[in-house]
Amino acid sequence: MTMNPRVAMAFSAMKEIGFSDKKVKPVLKNLLRVYDKNWELIEDENYRVLADAILDYQEEHKEDVEKPKRKKKEVVESHEDLEPPRLKRLRQDDQPSPSPPLVRRQKGPNFDLTPKVEGIESYGQGISGHGAVPLNVCMPGRNELLLPYEDCSRDETEEPPAQLQLRRKRSEHAQPVSPHINFEDKGRGSLLAPTICKRSERETPTAPFVVCLKEPKTEPGIEPLPPKEKLASGAQTKVLVKPKTEPSNDGFQPSGVPAAAAHPPNPDCRRTQGHKDQNVSSRRHGVEALPSRDADVENGSLVGSGTSSKNRGLELADVAEATRASVELASSNSGEVKISLSCNYSSGQPNFRLPSMDEVFKMVEDKCLKSYKIIDPNFSLMNLMKEMCQCISDRASDSTDDNQGTLMHITTNLDLQNNMRNSLGARSDSEDSILIPPTSIDRSLSSHSSAEVIEPHTPQRLALNGVVDLQGTVIHPNEEVLSGGANGRDMVVEQTDVGSSSPSGFVRVRQEISTPDDIGSVDDTPVVVRPSHDVNDISKGQENLPIATVNEVSSAPYPPLFYYISKNTIFRSAHVNCSLSRIGDEDCCINCFGDCVSSSIPCACARVTGGDFAYTLDGLLKENFLEECISVNRDPQNHLFYCKSCPLERCKGGDMPDPCKGHLMRKFIKECWSKCGCNKHCGNRVVQRGISCNLQVFLTAEGKGWGLRTLTDLPRGSFVCEYVGEILTSKELYERNKEITDVDVQTSNVLLDAAWGSGDVVKDKDALCLDPTFYGNVARFINHRCFDANLVEIPVEVESPNHRYYHLAFFTTRDVQALEELTWDYGIDFSNSSDTVKGFRCCCRSKDCRDVKCQYI
Ligand SMILES: C[S@@+](CC[C@H](N)C(=O)[O-])C[C@H]1O[C@@H](n2cnc3c(N)ncnc32)[C@H](O)[C@@H]1O
């Protein structure tokens, strides 16, 4: 009997990540039963559910075997370590933990994939019963291999690398980013990205709110206490909080390295964090530690209370009697730091409902992005907390630091974010400064970065164009100031925290600094990191070919700074669904082989282009197809459609949105993709292969600023490049543009609306825009030309079959000679002042220049 192809595919997908058919079979069977043979659920996100279930299954069975052993061990430990059982598992160093992260998803109604970690429920109940919601973040200590959080909680040796990767990806999925991004980051970002264990949407809202990724861990054979001299020099006096009963001026813990912990007042909410060999003192920043209310210290419970706690592993102080929320900061002598937020909101809110972790994170992150104008779209609260942990860890172990105010520095960091208000052109308290969290730039810029830097998480780190390379080395150290763009805007990136007195961790970008002297006035001890462009390749290796920058016109050395990305990236909420399972057989050519274009019968993918391929065998656009695309652009009035309820108008707010102003009905190209049977060199895969012609960024002589040109002759219908940027919802873009109106941003946003006419009302999350302002590729240099531009933009569908998300690709409208500038028609209505992209005077010199024409009207 032949195997059901779906089963075979599931087996093969699992095999790729290291699961044998034998392991897969029972789990798959069970899943099919539970999901009522709904394959889509199982296949979704590359069989994530299945992989999860197998891991759970393995874990469950392993636990069965190990239960007696562990039980015994727990009895032994119970007198030494009153940590909730939930955490114990992580700390059984002699017992390899096969467990996936503590935070897991519930997959289905009957198929129990909830964490199989003993005690988690009771722990959660205990906490929520008192209205306290802890959120823990921890950092490995120095010299430890820093892995994404999920990996912190498990034994590396347990799973093959493929599974390790899978786990990392799974945690990334938990973030509101699309799978697309994960694809793009493959091999780079995904492995580097610090991973956040977030709860999935499916998690019950009342589940314990725990993101304990790795708690401070005492290795067996941990080093004895550091010598007193060592502690006295810096670390000792850097103790964040002294134990309540210690003399206030002794400056160090009886047996510990600097550490901090503060704790919510409710004794029932306290958890033991103790480890035999760890000593932690505690205090809540800005709040004096209160006298201990607990006498139960002898048994090793967590609350530091005088001498009785001296010999215990961890001491925590009671703080903030009246507060409803508090922050725990705890560090161990192995350099690990943990932050724990506990919110006590039982009082006053009888109907309190525990929000999901995702909700809270998103809310805070949104708030930060909005209020503080943090430009990093991947900004994450978790990473910020990791930064805090890192600060503590670094401060604690750097004996040359001033011991005062370690926490103050942390707080200052947070305060600094307030200064991010008005970034990107708005004003901050320090002239035109912008403060960017170091994660946006590069950890190597940050003073507290050390060997075990937190892994960067944003794609821009792969190439922060013109700032520093990944090692923090400046490529062109002689360049003092970077000036750029048609508006001559200058930017300098400087490190504000090199000395111990500076608040660490932020990189200041100053705008419109004209002389290096100005730089010194920003702070007392800035170290200026001279930004620079890699003139030989603005893409810094991200494109197939290097793209050089030349200036033969003036002394303005380089284009404005931006993060070079070669593929689109999702800003935040844009709904881009690229999962394989959503591509039906009718949307791909599953039975094709080799090169579709050279086949006599057009494949299923050609359906979108009217039953014929858009490309010739030479990889050029076919004449008639190209002609149609050009005519749509040149005669827009005849190709407009109007949507019923336009998301563009809706996003402006108000009860009565304006009627739709019309969208252009463009012709689409559909390229073959992963689910197609053809090979990678298939002629119907042009745009996805990336740039294949030699391009150069140059300063135009006509006052248009920087432009793009070709270095070789290009025949008509050649693919030049994709328009790459951040994908935002139109609402997000609207908000963004509203906030940065006073910045002379020079890029053109694009509305991906070509398919809006085909459906009903376009949902907000589906109304996608592309903004290359901060993250973009070389296409952001393509200047506008009215009417007869030599490029035309064409929507190209690759991985998403629903026309909502597509790539915008530039093709030549005619033969273009080497060194000719490449231009496209932005479609600006120069007669409508609000439509001009930031209001530039057109210098396109076309005989049909619309701007010139309307000046004569
Ligand atoms: C997408 S950017 C193109 C790159 C830009 N020239 C630069 O230096 O970064 C669009 C901006 O370029 C300038 N620009 C583009 N086309 C132009 C034109 N035909 N005439 C004048 N300025 C133009 C305008 O400042 C516009 O806001």
Side-chain angles (χ1 to χ4, degrees), residues 424-425 465-466 482-491 511-512 531 533 535 538-539 547-565 633 695-710 720-726 733 737 740-751 769-791 793 808 810 820-855:
L424 292 176
N465 195 36
L482 183 74
S483 98
N487 64 345
R489 197 165 190 82
D490 296 333
M491 295 177 90
Q511 296 194 340
E512 306 205 342
H533 283 268
V535 288
I538 199 162
S539 86
I547 300 164
T549 309
V550 296
N551 177 1
E552 298 146 341
V553 175
S554 77
S555 57
Y558 302 111
L561 285 171
F562 68 100
Y563 298 109
Y564 198 101
I565 51 172
N633 261 21
L695 301 172
Q696 189 182 63
V697 175
F698 74 109
L699 193 64
T700 63
E702 302 90 359
K704 296 182 286 187
W706 296 86
L708 186 69
R709 65 186 174 194
T710 171
V720 173
C721 64
E722 188 185 329
Y723 200 39
V724 167
E726 286 175 85
L733 187 63
N737 285 343
I740 57 171
T741 44
D742 55 343
V743 178
D744 189 7
V745 175
Q746 293 194 40
T747 49
S748 305
N749 308 317
V750 171
L751 191 57
C769 299
L770 191 156
D771 182 10
T773 309
F774 307 114
Y775 300 82
N777 72 341
V778 70
R780 75 198 293 289
F781 292 107
I782 304 176
N783 285 318
H784 161 83
R785 185 176 171 94
C786 296
F787 195 72
D788 58 357
N790 56 18
L791 297 180
E793 73 279 17
L808 206 59
F810 289 112
E820 250 193 83
E821 180 178 2
L822 297 163
T823 55
W824 66 296
D825 189 338
Y826 294 178
I828 300 168
D829 178 0
F830 284 96
S831 62
N832 174 357
S833 58
S834 65
D835 190 22
T836 53
V837 181
K838 307 295 175 195
F840 66 85
R841 276 261 91 98
C842 185
C843 316
C844 73
R845 299 186 182 176
S846 162
K847 66 178 172 36
D848 297 304
C849 176
R850 297 191 291 272
D851 194 17
V852 171
K853 274 184 186 164
C854 67
Q855 285 168 38

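Indexing begins at 1, ligand by ligand and atom by atom, following the structure's order.
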- prompt: Which pair of heavy atoms, one from Asp851 and one from Cys786, lies closest together, and at what distance?
  reply: N-SG, 4.4 Å
Find all atoms of ligand 1 within a distance of less than 4.0 Å from any non-hydrogen atom belonging to [X], and give their numbers and elements.
| X | value |
| --- | --- |
| Arg780 | 1 (C), 2 (S), 3 (C), 4 (C) |
| Gly705 | 6 (N), 8 (O) |
| Cys842 | 19 (N), 20 (N) |
| Cys844 | 19 (N) |
| Arg841 | 20 (N), 21 (C) |

Charged N-O contact under 4.0 Å between Arg785 and Glu821: no
message: Between Lys847 and Asp788, does any side-chain N to carboxylate O distance fall below 4.0 Å?
response: no
field: From Tyr826, Phe810, Phe781, residue fulfilling ring pair (Phe, Tyr, Trp, His ring centres under 6.0 Å) relative to Tyr723
entry: Phe810
field: Results of side-chain hydrogen bond (donor to acceptor under 3.5 Å, both in side chains) for Asn777 - residues two or more places apart only
entry: none
- prompt: Can you name the side-chain hydrogen bond (donor to acceptor under 3.5 Å, both in side chains) partners of Arg845, sequence neighbours left out?
  reply: none
- request: Could you point out which residue of Val720, Asp825, Thr823 forms a side-chain contact (heavy atoms from CB on, under 4.5 Å) with Leu791?
  value: Val720
query: Is the shortest N/O to N/O distance between His784 and ligand 1 below 3.5 Å?
result: yes
message: If I apply the N/O under 3.5 Å rule, does Cys843 come out as touching ligand 1?
response: yes
query: What part of Glu702, side chain from CB on, backbone N/CA/C/O, both or neither, has a heavy atom under 4.0 Å from ligand 1?
result: neither
message: If we set the cut-off at 4.0 Å for heavy atoms, which region of Phe840 has an atom near ligand 1: side chain, backbone, both, or neither?
response: side chain
field: Shortest heavy-atom approach to atom 15 (C) of ligand 1 - which of Asp825, Asn783, Ile782, Ile828
entry: Asn783
